[in-house]
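Whatever order the structure lists them in is the order used to number ligands and atoms, beginning at 1.
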Amino acid sequence: MEALSFGIPCSKVFVMTGSEWWRTAVIYQIYPRSFADSNGDGMGDLAGIESRLPALRDLGIDAIWLSPFYTSPQRDAGYDVADYCDVDPLFGTLDDFASLQATAHNLGIRVIVDLVPNHSSSDHPWFQAALAAGPGSAERGHYIFRDGKGVNGQLPPNNWESVFGGLAWTRVMEADGTPGQWYLHLFDSSQPDFDWQSPWVREQFRDVLRFWLDRGADGFRVDVAHGMIKAAGLPDYTPPADGGSMGGATVLEPGVVADPAATAPYWAQPGVHEIYRDWRLVLDEYPGDRILAAEAWVDPLSHVAEWVRPDEMHQAFNFAYLETLWGGPALRRVIDDSLAAFSAVGAPSTWVLSNHDVVRHASRLALTGDNLQGHGIGPKTVGLPDAVVGLRRARAASALMLALPGSSYLYQGEELGLPEVVDLPDSAREDPTWFRTNGERYGRDGCRVPLPWVGSAPSYGFGPTAASWLPQPAIWGELARDVQEGVPTSTLELYKLALRLRREHGLGLGSVSWLNGLGDAVVAFTNGSVTVVANTGAASITLPAGEVLLASEPLTGRTLPGDTTAWLRA
Ligand code: NOJ
């Protein structure tokens with residue numbers, strides 16, 4: 001087998017065997033509801049995705065990750081699964097999945113599916129059986145049912161709150177019509193948590209993995225991969241007010257270690273790791289380098305790295321990077337911390353700026369109010385972003401990210417520079433967060449608006465009709481893919497160039513060697529044959545020597561303006 005050295009900025013060097021494509025891959029997240037609609041019902045679908053795959057091949061990505069398309073009542077946009085081994089009719093059929101996957105593979109694109117193991121939908125037959133079987137039954141043992149507190153069990157078993165707002169417990173009506181036990185749901189009440197201490201649950205999920213691996217899936221993005229085990233006794237816990245919604249990937253000051261006592265009894269419990277070791281054995285039975293990627297919102301990065309030890313998962317999302325504010329010192333620090341933390345366990349760092357749960361970075365990077373990390377914004381948010389500043393910073397940030405060694409995740413539409421849609425009418429919102437907080441938190445609909453493909457078509461080419469499950473803003477006409485195609489200054493062409501140069505210069509396998517002396521606001525480093533200079537400040541600087549290969553804004557001479565990134569031949 002070919003052995004490649006995996007460059008890292010410290011003394012450790014790991015050996016990359018076989019293809020290990022995931023160490024350097026650019027993985028593009030598709031949110032099926034909003035990518036492309038083939039039948040005009042206003043909802044994206046698998047056939048729509050398949051028809052648009054050539055555009056992704058042209059963009060230059062290596063793999064797609066599909067957010068859930070399984071049978072689901074869609075109370076949390078598909079993260080409430082009622083059948084792990086089928087496709088919801090909203091999105092198509094298993095045959096459509098097979099066809100999409102074959103087309104992707106023919107185009108050289110790998111396909112990662114989303115696995116949602118922390119909870120099912122309350123419509124899932126397993127949960128319905130648990131309701132019917134009653135207290136003490138084996139079926140109830142598949143989920144987390146408990147008697148309530150108080151004389152009549154009328155109080156929830158503990159004080160845990162749902163990530164989406166409100167109590168994390170719901171009381172059920174027993175078969176005799178009396179109020180009975182409570183079940184745990186860290187998310188919506190339609191998403192009951194499994195009890196992962198149950199061997200039966202573990203066996204079911206091994207089967208689910210095999211089902212998709214047998215169909216040729218190249219891997220799994222694992223939802224809430226830090227949440228499946230709960231601390232014994234389910235002790236009370238009050239989250240810190242400033243914690244991130246999923247458990248707080250807050251960016252710590254250098255040298256500050258997360259306080260273990262502050263760790264929620266439902267996040268990052270040590271017992272989760274044996275589950276992934278078990279799954280890794282299942283994946284390793286299959287040929288072709290299949291991967292597990294963890295969605296684990298934990299602090300600090302050295303803790304996240306535990307999810308990607310050699311016998312566990314392959315990748316973990318780098319949310320500390322996503323949540324880093326636009327500025328030189330913070331970016332340099334998080335890049336150093338990421339490379340050190342992941343390389344210490346022989347894993348590649350990942351990088352990500354946007355996804356379906358956060359404010360799009362073309363808006364987030366220009367927020368000015370208290371909500372700088374952008375946990376949902378809407379018309380009444382204080383400090384709404386300036387669109388011009390936001391797009392400029394987003395282009396600079398993406399050009400910086402795509403030059404870093406490791407694997408990068410892109411979220412559909414960021415290659416078009418799409419902003420968050422902040423003025424959705426209340427009546428259009430679907431995120432359970434909005435409903436569970438009585439409109440206090442806007443939630444995530446603003447980053448999920450269906451994509452514009454053709455500027456002058458109904459629904460901007462999202463589908464064949466004007467229908468779109470969330471209303472699209474007029475700016476979609478200017479940002480549509482066809483309008484940007486071939487325009488050298490467009491965001492789309494910037495991404496294409498960055499992805500081509502990244503591949504040609506082997507940046508994914510490279511290393512970061514810092515270049516100092518350009519000012520505190522400047523993030524500058526050499527990665528192999530490319531020098532990257534990102535100016536996060538307002539004042540222009542003079543670029544060091546070297547042919548300009550890419551610039552996130554047009555340059556005049558050797559001047560690099562503020563909020564601009566350039567790549568130079570080193
Ligand atoms: C994380 C997913 O990314 C998010 O969209 C979902 O609501 C929660 N997990 C619950 O599944």
Side-chain angles (χ1 to χ4, degrees), residues 27 29-35 44 65-82 84 88 112-124 127 143 160-166 168 184-194 196 205 208 220-228 230 243-249 264 266-268 272 292-298 304 307 315-319 322-323 350 352-360 374-376 409-412 429-437 441-449 470:
I27 302 176
Q29 181 189 356
I30 291 183
Y31 194 66
R33 297 170 69 97
S34 304
F35 188 72
W65 145 36
L66 298 165
S67 280
F69 50 79
Y70 315 108
T71 313
S72 163
Q74 301 289 315
R75 303 237 167 74
D76 184 23
Y79 283 94
D80 49 323
V81 180
Y84 289 91
D88 196 284
I112 294 172
V113 297
D114 212 315
L115 186 70
V116 190
N118 178 68
H119 46 265
S120 70
S121 160
S122 50
D123 284 9
H124 198 293
F127 188 73
Y143 292 86
W160 293 0
E161 287 169 17
S162 154
V163 169
F164 294 156
L184 177 71
H185 51 86
L186 291 182
F187 296 89
D188 188 50
S189 56
S190 65
Q191 294 167 296
D193 282 47
F194 284 111
W196 272 88
F205 275 90
V208 172
F220 303 89
R221 174 266 188 190
V222 180
D223 191 62
V224 200
H226 58 318
M228 288 140 75
K230 280 75 183 175
S245 60
M246 301 283 188
Y266 38 84
W267 299 140
V272 293
L292 294 166
E295 186 219 19
W297 293 81
V298 270
V304 182
W307 272 251
Q315 295 186 335
F317 286 95
N318 187 343
F319 293 125
L322 183 150
E323 296 207 318
T350 62
V352 61
L353 288 167
S354 280
N355 65 34
H356 66 294
D357 289 329
V358 300
V359 172
R360 283 184 176 278
H375 297 295
Y409 276 81
L410 305 180
Y411 175 51
Q412 65 178 36
R429 294 190 182 275
E430 294 205 6
D431 187 340
T433 309
W434 168 258
F435 298 102
R436 291 184 65 87
T437 62
R441 279 159 51 192
Y442 286 106
R444 304 157 294 174
D445 292 310
C447 65
R448 298 175 173 180
V449 174
L470 282 173

Can you tell if the side chain of D76 reaches within under 4.5 Å of the side chain of F164, non-hydrogen atoms only? yes
Which atoms of ligand 1 are found less than 4.0 Å from any heavy atom of R444? 4 (C), 5 (O), 6 (C), 7 (O)
Any heavy atom of Q29 under 4.0 Å from ligand 1? The part involved is neither
Can you name the atoms of ligand 1, numbered from 1 with element, that are less than 4.0 Å from a heavy atom of V224? 9 (N)
Between R221 and Q29, is there a side-chain donor-acceptor contact under 3.5 Å, judged purely by atom types and distance? no
Taking E430 as the fixed residue, which of R33, Q74, R444 is the one that meets the side chain to side chain donor-acceptor pair (under 3.5 Å) rule? R33
Are H185 and ligand 1 in contact, using a heavy-atom cut-off of under 4.0 Å? no
Does this structure show an ion pair linking R448 with D357, if we count only N-O contacts that are shorter than 4.0 Å? yes
Of the listed options (V222, D357, V358), which comes nearest to atom 5 (O) of ligand 1 when hydrogens are ignored and any heavy atom counts? D357
Is the distance from the ring center of F187 to that of Y79 below 6.0 Å? no
Measure W297 to ligand 1 on non-hydrogen atoms and call it side chain, backbone, both or neither using the 4.0 Å cut-off. neither
Apply side chain to side chain contact (heavy atoms under 4.5 Å, CB included) to residues F127 and S121 and explain how you reach the verdict. CA-CA 8 Å; F127 188 73; S121 160; over 6 Å; no
Show which atoms of ligand 1 fall inside a sub-4.0 Å distance from at least one heavy-atom site of H119. 10 (C), 11 (O)
List ligand 1 atoms under 4.0 Å from R448, heavy atoms only on the residue side. 5 (O)
Going by heavy atoms, is R75 under 4.0 Å from ligand 1? no
Regarding atom 10 (C) of ligand 1: of the candidates D76, T433, V116, which has the closest heavy atom? D76
Is a side-chain donor-acceptor pair under 3.5 Å present for S72 with D80? yes
